[in-house]
**Q** 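This structure is in structure tokens; I'll ask about it shortly.
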Amino acid sequence: LWCTDVAVNGDLLWLYNSQQNRLYEYDISGGLLTTPTLIRKISGIPSNINMNGLTAIDDTTLIIGSDSNEILELDISSPTNIASVTVKFSMISPFNGQDCFVDGDMYYDAVNDDLYVTVVDKGVNKRRYLFNYTNYTSATGTLTPNVYSDNLPGTNTLYNGLFVDSSTLY
């Protein structure tokens with residue numbers, strides 16, 4: 001299966017196939033030495049969002065980024081396997097007020113209710129940032145990040161993977 005993004009929550013794995021504009025949900029409880037079991041195929045993701053970045057809040061809610069400046073939530077609880085999308089908030093650069101778009105990955109920290117996102121602003125200089133939105137579940141509107149780093153090197157470097165190991169974000 002060809003996929004452009006991945007999210008995990010407990011024993012569930014979601015793979016996003018942008019060619020089919022569909023999520024594939026798998027049971028991965030068997031561990032690394034077994035073939036994951038396909039649970040369902042989820043449709044209903046608007047094709048115009050050009051999804052970049054995927055992470056899970058829980059077993060029925062995913063967070064997705066887009067090439068617009070929006071962070072969206074994807075409700076996949078429907079028994080018909082058709083997702084519904086809600087705009088959570090829009091992102092702007094803390095430096096120049098430009099809209100930012102997800103360019104790489106995102107990670108949701110459920111313990112602290114933080115969302116980490118690698119982004120690029122839409123300005124002339126196309127600056128790269130790592131944004132952190134604290135108190136994610138209550139975030140709405142157009143937001144600048146609570147914490148950010150603008151020293152991500154490389155104008156053509158794509159940051160395709162955020163993960164946590166022993167409480168450290170990589």
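No hydrogens, no waters, no symmetry mates; every other heavy atom, side chains included, goes into these values.
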**Q** Below 4.5 Å, heavy atoms only, C-beta onward: do V8 and I28 meet side chain to side chain?
**A** yes

**Q** With a 4.5 Å cut-off on side-chain heavy atoms, are V87 and E70 touching?
**A** yes

**Q** Does E25 have any salt bridge (Lys or Arg N to Asp or Glu O under 4.0 Å) partners at least two apart in sequence or in another chain, and if so, which?
**A** R40

**Q** I'd like to know whether I45 forms a side chain to side chain contact (heavy atoms under 4.5 Å, CB included) with R22, so could you lay out the CA-CA distance, the side-chain angles of the two residues, the decisive distance to 0.1 Å, and finally the verdict.
**A** CA-CA 7 Å; I45 302 164; R22 185 171 296 189; 6.0 Å; no

**Q** Can you tell me how far the CG atom of L23 sits from the CE atom of M51, to the nearest 0.5 Å?
**A** 5.5 Å

**Q** Between L15 and L38, is there a shared hydrophobic cluster once you connect ILVMFWY residues whose side-chain heavy atoms come closer than 4.5 Å?
**A** yes

**Q** Taking the side chain as every heavy atom from C-beta outward, state whether N81 and K41 have any pair of such atoms under 4.5 Å apart.
**A** no

**Q** Flag the pair Y133 / F89 as yes when their ring centroid distance falls below 6.0 Å, and as no otherwise.
**A** yes

**Q** Can you find a heavy atom in the side chain of L13 that is under 4.5 Å from one in the side chain of V6?
**A**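 Yes. Closest side-chain heavy atoms under 4.5 Å.
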
**Q** Walk me through it: do N9 and D59 pass the test side-chain hydrogen bond (donor to acceptor under 3.5 Å, both in side chains)?
**A** CA-CA 7 Å; N9 188 56; D59 291 352; 2.7 Å; yes

**Q** Kindly compute the distance separating CD1 (I92) from SG (C100), expressed to the nearest 0.5 Å.
**A** 8.0 Å

**Q** Side-chain heavy atoms nearer than 4.5 Å, only ILVMFWY residues, links allowed to pass through others: does that put I76 and L12 together?
**A** yes

**Q** I want to check something: taking the side chain as every heavy atom from C-beta on, are Y26 and I39 in contact at a cut-off of under 4.5 Å?
**A**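 No, every pair of side-chain atoms sits at 4.5 Å or beyond.
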
**Q** Are M91 and T142 packed together at the side-chain level, in the sense that at least one heavy-atom pair is separated by less than 4.5 angstrom?
**A**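 M91 does not reach T142 side chain to side chain.
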
**Q** Do T134 and N132 have side chains that approach each other closer than 4.5 Å (heavy atoms only, starting at C-beta)?
**A** yes

**Q** Can you find a side-chain donor-acceptor pair between D113 and T137 that sits under 3.5 Å?
**A**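 Short answer, yes.
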
**Q** Do L143 and I71 belong together in a cluster built from hydrophobic side chains that touch within less than 4.5 Å?
**A**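 In one cluster with L143: I71, yes.
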
**Q** Under the criterion side chain to side chain contact (heavy atoms under 4.5 Å, CB included), I'd like the reasoning laid out for I63 against L115: C-alpha separation, chi angles, the key distance, then a yes or no.
**A** CA-CA 9 Å; I63 304 170; L115 179 67; 3.9 Å; yes

**Q** Have D109 and Y136 got a donor and an acceptor in their side chains that come within less than 3.5 Å?
**A**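 Absent: no donor and acceptor within the cut-off.
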
**Q** Rounded to the nearest 0.5 Å, how far apart are CD1 of I42 and CG of N21?
**A** 12.0 Å

**Q** side-chain hydrogen bond (donor to acceptor under 3.5 Å, both in side chains) between D105 and T118: does it pass, once the steps are laid out?
**A** CA-CA 6 Å; D105 204 5; T118 58; over 6 Å; no

